[in-house]
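Values below: all heavy atoms of this structure, side chains included; hydrogens, waters and symmetry mates excluded. Chain letters run A, B, ... following the sequence lines, proteins first, then strands; residues in each count from 1.
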2 protein chains.
Amino acid sequence: MPSTPGTPTGRRRHRVREEALTEILNTGRRLLVEEGPAAVTLRAIAREMGMTAPGLYRYYAAHRDLIQALASSLYDELATALAAARDRHPASEPGRQLGAVCRELRRWALAHPQEFGLLFAKPLTDADTAPGAAAHDPSWRFGGVVLDLMVQLWHHGNIKPPADLDPAWTVQLEEVREHLSGEPVPLEVIYVFVSCWARLYGAVAVEVFGHLDFALTDPAPLFDHTVRDILTALGEPRTAPR
Amino acid sequence: MPSTPGTPTGRRRHRVREEALTEILNTGRRLLVEEGPAAVTLRAIAREMGMTAPGLYRYYAAHRDLIQALASSLYDELATALAAARDRHPASEPGRQLGAVCRELRRWALAHPQEFGLLFAKPLTDADTAPGAAAHDPSWRFGGVVLDLMVQLWHHGNIKPPADLDPAWTVQLEEVREHLSGEPVPLEVIYVFVSCWARLYGAVAVEVFGHLDFALTDPAPLFDHTVRDILTALGEPRTAPR
DNA sequence: AGAGATTGCTAACACCGTTAACTTTCGGGA
DNA sequence: TCCCGAAAGTTAACGGTGTTAGCAATCTCT
C-alpha cells in the first residue's frame, strides 16, 4: 500500500493512468465550482466517474492528497494564465507586463472564486504542511511569474528602496533571492518586491471574498489604483492602465 | 419546530438557556482552535458538553446556524478588542487611535488564526447569504470601529481625495455614508476610507493565511509600513508607530 | 503461458447532519 | 396546591462521508 499508489511499468498503462488522474481532478473541480468545496468528496467524484470511492485510493492515498493535487493544478493553471497575460506585451516594457499580470490575477480570481478560495484559504485549514521551507513549490510557480517580472522592472526602472531595513530579515530575503534565477538583487529591493506582492495578493483576496460588497458593486477602479501604486513603488513612471 | 427554537417565558429558564447557548459557542470555538474548522461538529460539541447531538437542535436549527452564531460572536469579540485598543489613546488623537486599532486587528488575527479564517473565508464558502444588503450586520460591528475612526481623522486631518471618482460609485458610497452616524462626509473621502480599509484587511489576511511565509519570518515591520501608508493617505502627518 | 503488478470491486467501520417520536423536567395559572 | 403545557433532552434511524481489508479481474512483461 504505497503512499503514492502504483507506478505502472508499461507505456499504455502509464497513459491511461494519467488520463484517470486528470479526469479525477477535472471532476473534483467541477464539483467545487458547481456545489462548493464541501461537495468535493471522494464518493461524489467516484459516482460522477462511474466507479466506487475505494477505487480512487489507487490514485490518491487520502482525500487530503486529492485536494492538494487539485490545488496544485490550479496553481499551475493560474501561473499559465499570468504568463500568457505577460506575453501579450513586449518584454521591453516590463511595467506594462506587470500591470497586465496584476489585472489577469484579479480577473482569474473573480472568474473562479471557488478555486481562488481553495488556494488562498487552504494553508490555514490544513495546518499540517508546515515542517520546513520546501513545501511551497506549487504556490511559487504562481508567485514566481510576478516576482520575475519585478526583477525585470528593477533592471529597467529605478526603485527607491527604504533605507531602514530590519536586519533580522536578511536571512529570509537571501533565501528568496536564491529563487530569483541567481540575480544579484539587493535585499532592500526584494523587500519592496515582497511588500508589493503582499499588497497585490491582499487586494485580490479582499475583493474575491466579498469584503468590499458593503460599499462597492464594481471595485475595478479601486484595483486599478492599487496597481498604479504598486507600479509606482517599483519605479515605473509610466502608469499604463490599459 | 420553530426555526429559532424555543423562547422561554420564565426568568430562570431564560437564564439557563443563555448559559447553554454560550457554552455551546465556547465549546465550538475550543474545537475550532484545537482541531480546526472541520472538527466543529454538532456531535463533537454535544459530546464535549455531555449530551447528544439532537439536543443541540433545541438551540440552533441547523449546523450552519451554529457556525454563523459563532462567527457573529467572534465579530463582536474582535470589535470589542478594537474599541479597547482605540480607547487606550485619547480621542483628541484619532491618528494614534487608528494606528493602534490597525495593529490590534493584526495582533488579534495572528493570535486567533482559526477564528480569523472563519470570519474572512466564510462568505465565499456559504454563497447563500447574499439576498439583499442587510445581512452584513455582524461584520459591520467590526468594520464600523475602523470607519468611525476614519471619520474622526477626516475631521482633524486633511485628506486629499483623488479628483477622478467614478460616478458609478456614488450610489453605493451614499449607502455607506448613511451608516456613518449621519456625518456629511464627501463621497471622495469615503472612497479613500474604503481604499484604506481594503488595504488594511488584505494585509492582515495575506499574513494570517501564511502567504508571506516564503519570505518573512516576522512581517511586523512590513505591516507597520502599511499602517504608516494608510495613515498618510488619511491625511495624518504624524506617523506614530508606537 | 504464466507470474506479478495494477485496477477496481464489495463489505464493513466509525463518524457526520438531520429527523421523528418519546420521556422527563420545570414554570405559571386555576 | 395541583396540573398542564412548554421546554429540554433522549433513543432510533436514515443517508452521507473517509477509510480499510480482502477479493476478483485485467493487463504487462518475461
Side-chain angles (χ1 to χ4, degrees), chain A residues 1-25 27-28 31-32 34-70 122 125-126 128, chain B residues 1-25 27-28 31-32 34-70 122 125-126 128:
Chain A
M1 198 177 309
S3 70
T4 300
T7 306
T9 55
R11 201 57 68 193
R12 171 178 174 76
R13 273 231 163 134
H14 183 70
R15 205 200 55 188
V16 24
R17 183 176 178 82
E18 292 290 317
E19 289 175 359
L21 281 168
T22 68
E23 185 184 353
I24 292 172
L25 260 43
T27 308
L31 288 168
L32 171 70
E34 294 177 357
E35 308 180 47
V40 186
T41 200
L42 285 180
R43 294 186 125 106
I45 293 175
R47 205 180 305 129
E48 298 267 327
M49 293 178 60
M51 58 186 293
T52 60
L56 291 178
Y57 280 79
R58 302 293 170 184
Y59 300 92
Y60 294 102
H63 182 242
R64 187 188 290 100
D65 301 65
L66 195 157
I67 300 296
Q68 204 159 328
L70 178 56
K122 187 192 52 153
T125 308
D126 291 1
D128 47 7
Chain B
M1 197 179 307
S3 69
T4 299
T7 305
T9 55
R11 200 60 65 193
R12 170 178 174 77
R13 275 229 164 134
H14 183 71
R15 207 200 53 190
V16 328
R17 183 177 178 82
E18 292 289 316
E19 291 174 358
L21 281 167
T22 68
E23 186 185 351
I24 292 172
L25 260 43
T27 308
L31 289 168
L32 171 70
E34 294 176 357
E35 308 179 48
V40 186
T41 201
L42 285 180
R43 293 185 124 105
I45 293 175
R47 204 181 305 131
E48 299 267 328
M49 292 178 62
M51 58 186 291
T52 60
L56 291 178
Y57 281 79
R58 302 291 171 181
Y59 300 93
Y60 294 103
H63 181 242
R64 187 187 292 101
D65 300 67
L66 195 157
I67 300 295
Q68 204 159 326
L70 177 57
K122 188 190 51 150
T125 306
D126 291 3
D128 49 7

Nearest listed nucleotide, side chain of B:P54, among D:dT19, D:dT10, C:dT7: D:dT10
A:R43 vs C:dC16: side-chain N/O to OP1/OP2 distance below 4.0 Å: no
Atom-to-atom span, CD of B:E18 to P of D:dA7 - whole angstrom: 14 Å
B:Y59 OH to B:T22 OG1 distance, which is reported to the nearest 0.5 Å: 10.5 Å
Interatomic distance, B:L66 atom CG to B:T41 atom OG1 [nearest 0.5 angstrom]: 10.0 Å
Separation between OG1 of A:T27 and CG of A:L70, rounded to the nearest 0.5 Å: 10.5 Å
Phosphate OP1/OP2 of C:dG8 contacted by A:T52 side-chain N/O (<4.0 Å): no
A:L42 CG - C:dG8 P separation (whole Å): 14 Å
Interatomic distance where CD belongs to A:E48 and P belongs to D:dG16 [whole Å]: 14 Å
base_contact_polar (C:dG8 base, A:R58 side chain, donor-acceptor, <3.5 Å): yes
A:R47 CZ - D:dG15 C1' separation (whole Å): 11 Å
Presence of A:R17 side-chain N/O under 4.0 Å of C:dT7 phosphate oxygens OP1/OP2: yes
N/O (side chain, B:T41) to phosphate O (OP1/OP2, C:dC15) under 4.0 Å: no
Results of side chain to side chain donor-acceptor pair (under 3.5 Å) for B:E48 - residues two or more places apart only: B:R30
B:Y57 side-chain N/O to C:dT18 phosphate OP1/OP2 under 4.0 Å: yes
Distance in angstrom units between B:H63 NE2 and C:dC16 P, rounded: 10 Å
Nearest-angstrom distance from the residue atom CG of A:L66 to P of D:dT17: 14 Å
Rounded distance in Å - CG (B:L56) to P (C:dG17): 9 Å
Spatial distance of atom CD1 (B:I24) from atom CE (B:M51) [nearest 0.5 Å]: 6.5 Å
Whole angstrom value for the distance that separates P of D:dA7 from CZ of B:R15: 18 Å
Sugar-phosphate only, base, or nothing, as touched by A:A20 at under 4.0 Å among non-hydrogen atoms: nothing
Candidates D:dT17, D:dT19, C:dT18 - which lies nearest the side chain of A:A62: D:dT19
Proximal nucleotide (of D:dT10, C:dC9, D:dG16) relative to the A:M51 side chain: C:dC9
Phosphate OP1/OP2 of C:dG8 contacted by A:Y59 side-chain N/O (<4.0 Å): yes
